[in-house]
Trainee: 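What follows is a single structure, and I will ask about it in a moment.
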Amino acid sequence: MNLQPQTLLELSTSFAIPDRLGFALHPSGLVVGHAACQQGQGSFFLHGAHITHFQPARASHPLLFMSKESLFANDKAIRGGIPICFPWFGRSANPGEPAHGWARLANWQVASSNATDDSVTVVMETFQSPFHLRYFIRFGSDLTAEFTATNRSDRELTCEVALHTYFAIGDIDAVSVHGALEGLPYLDQLTGQMHPAAHQAIRFTEETDRVYQGVARTILLVDDAWKRTIEITSEGSRSTVVWNPWIAKSQRMADFGDEEYRSMVCIETANAKDCRIVLAPEGKSTTRVTLSLR
Ligand code: TA6
C-alpha cells in the first residue's frame, strides 16, 4: 500500500512556514519542498523523501551533488542528493524488484514541520507493509537526516539501509577521505574481495565501490579544489559505502553525465551486507547522519 500523495494545497495549508518552508510543483509534476533560514537552505522531494539540495549560508558551493541528467518520475529514482536505500541495498534477491529497495520510489507524506531563525525541520513518513518509515530532516548550518524503520509485523525481519549521499566536489583528483574508514576493512563490490584496513586516506583513480564494515563515527571529505572539508558524523550506522562510477560506468548510466564522475563522490551512511539490521516485531532501527562544513 502506497500512501496517497498530499496535495499542494494540503501541504501549503498544513506545513508551509512563511519565509522558511514552502512547497511547489517541480516541472515533472513531483512535489518539492524548499527550506531556507539564516544559516542555510535546502530542498527535498516527497518522492522518496529525497533531499536534493543543501547549502549552508557560509558555503560558496552546495554540499550535495545533483546530476544534470537526473530523471524525475514516480517510477524512477532521482540521481544525486540523498537517496534512501531500504529495505535492501544493491540488487534484490527477487528479480524484477528495484535496486536499492522501494523507499526511494515511494510516496512519502509530510507529518510535521517547524522552524526557527537558524533551522527548518521536517518529518516525513511512509508505510509499506510490514515497515513503517519515519524521516526527520533539519536544514540549518548543518544538515541532519535521521531515518527510522519500524517492523509492524509479528515476525523478526532482516533489512538493509543506506543514506546514499552524493557529495558535490571541485575535482575528483583533488579529494581525499580521512578518518575512521582508514582503520576499517572493506568489501570491494567490484571483485567480491574483502580487504584489510588500508590505514591511509582514500583517493580516487578508478571506479571505486566499497562497503566498509564497522562503525565510522566521523569521516572527513577533504576537497583541495574547493578548499573545504565536509565532516560526516553518523549514529546507528555499522557500515559505510564509498562509490565513484569513474569513466566507463558513467557512460553506461543514462541518468548521469559522462563527465559528472569528476564532480561527485558518494559516502553512504549504511547498515548493509554483513552489517544488515535484524528487527524484532515492533522493533525500531535508527540511522542518522549530520553533514557539516568544517
Ligand atoms: O552505493 C554504490 C552502488 O551500490 C553502486 O554499486 C552503484 O550501482 C550505485 O550504488 C548506484 O546505484 P543505482 O541503483 O542508483 O544506479
Side-chain angles (χ1 to χ4, degrees), residues 48-51 77 81-94 97-106 108 123-137 143-153 155-167 177 179-190 192 194-195 197 202 208-219 221 231-243 265-291:
H50 202 125
I51 302 170
I82 309 183
I84 300 173
C85 307
F86 183 87
W88 57 85
F89 178 79
R91 260 197 296 282
S92 164
N94 308 320
E97 288 191 325
H100 290 324
W102 47 259
R104 63 178 181 169
L105 301 172
W108 291 65
V123 174
M124 290 180 269
E125 295 181 325
T126 195
F127 177 79
Q128 194 155 320
S129 180
F131 292 108
H132 172 268
L133 306 182
R134 180 182 182 275
Y135 200 41
F136 166 96
I137 54 179
L143 170 64
T144 292
E146 182 185 90
F147 173 86
T148 300
T150 305
N151 170 6
R152 284 287 161 75
S153 78
R155 63 191 194 284
E156 185 179 85
L157 294 172
T158 300
C159 53
E160 296 174 293
V161 59
L163 302 179
H164 193 304
T165 310
Y166 287 73
F167 289 95
V177 181
L181 297 182
E182 297 179 47
L184 294 176
Y186 65 89
L187 167 69
D188 183 335
Q189 296 212 94
L190 303 173
M194 274 304 293
H195 291 255
I202 305 166
T208 302
D209 196 344
R210 301 174 179 178
V211 183
Y212 286 81
Q213 313 266 357
V215 172
R217 179 116 173 77
T218 304
I219 299 168
L221 174 57
E231 183 171 310
I232 305 157
T233 311
S234 66
E235 271 174 56
S237 162
R238 293 174 301 127
S239 46
T240 303
V241 183
V242 176
W243 180 57
V265 65
C266 285
I267 301 175
E268 309 164 29
T269 307
N271 287 292
K273 306 294 178 187
D274 293 354
C275 300
R276 57 176 49 90
I277 300 161
V278 179
L279 280 180
E282 291 310 321
K284 281 180 195 296
S285 163
T286 294
T287 305
R288 179 190 173 105
V289 66
T290 296
L291 312 181

Trainee: Which salt bridge (charged side-chain N to carboxylate O under 4.0 Å, His left out) pairs, counting each pair once, include a residue from residues 180-189, with sequence neighbours left out?
Mentor: none
Trainee: Checking T208 now: which residues fulfil side chain to side chain donor-acceptor pair (under 3.5 Å) with it, not counting sequence neighbours?
Mentor: none
Trainee: List for me each residue that meets side chain to side chain donor-acceptor pair (under 3.5 Å) alongside Y212, sequence neighbours excluded, and say none if there are none.
Mentor: R210
Trainee: Less than 4.5 Å apart, side chain to side chain, heavy atoms only: is that true for T240 and I267?
Mentor: yes
Trainee: Sort and list the pairs that fulfil salt bridge (charged side-chain N to carboxylate O under 4.0 Å, His left out) and have at least one residue in residues 267-282, not counting sequence neighbours.
Mentor: R152-E282, E160-R276
Trainee: For T158, give me all partners under side chain to side chain donor-acceptor pair (under 3.5 Å), at least two apart in sequence or on another chain.
Mentor: none
Trainee: Any sub-3.5 Å donor-acceptor pair from S239's side-chain atoms to A272's backbone N or O?
Mentor: yes
Trainee: Which pair of heavy atoms, one from L279 and one from A149, lies closest together, and at what distance?
Mentor: CD1-O, 4.0 Å
Trainee: For E156, which residues count as a salt bridge (charged side-chain N to carboxylate O under 4.0 Å, His left out) partner, sequence neighbours excluded?
Mentor: none
Trainee: Any donor-acceptor pair under 3.5 Å linking the side chain of S92 with the backbone of G101?
Mentor: no
Trainee: Do you see a donor-acceptor pair shorter than 3.5 Å between the side chains of T287 and S237?
Mentor: no
Trainee: Show the numbers, then the answer: is there a ring pair (Phe, Tyr, Trp, His ring centres under 6.0 Å) between F86 and F131?
Mentor: CA-CA 10 Å; F86 183 87; F131 292 108; 4.9 Å; yes
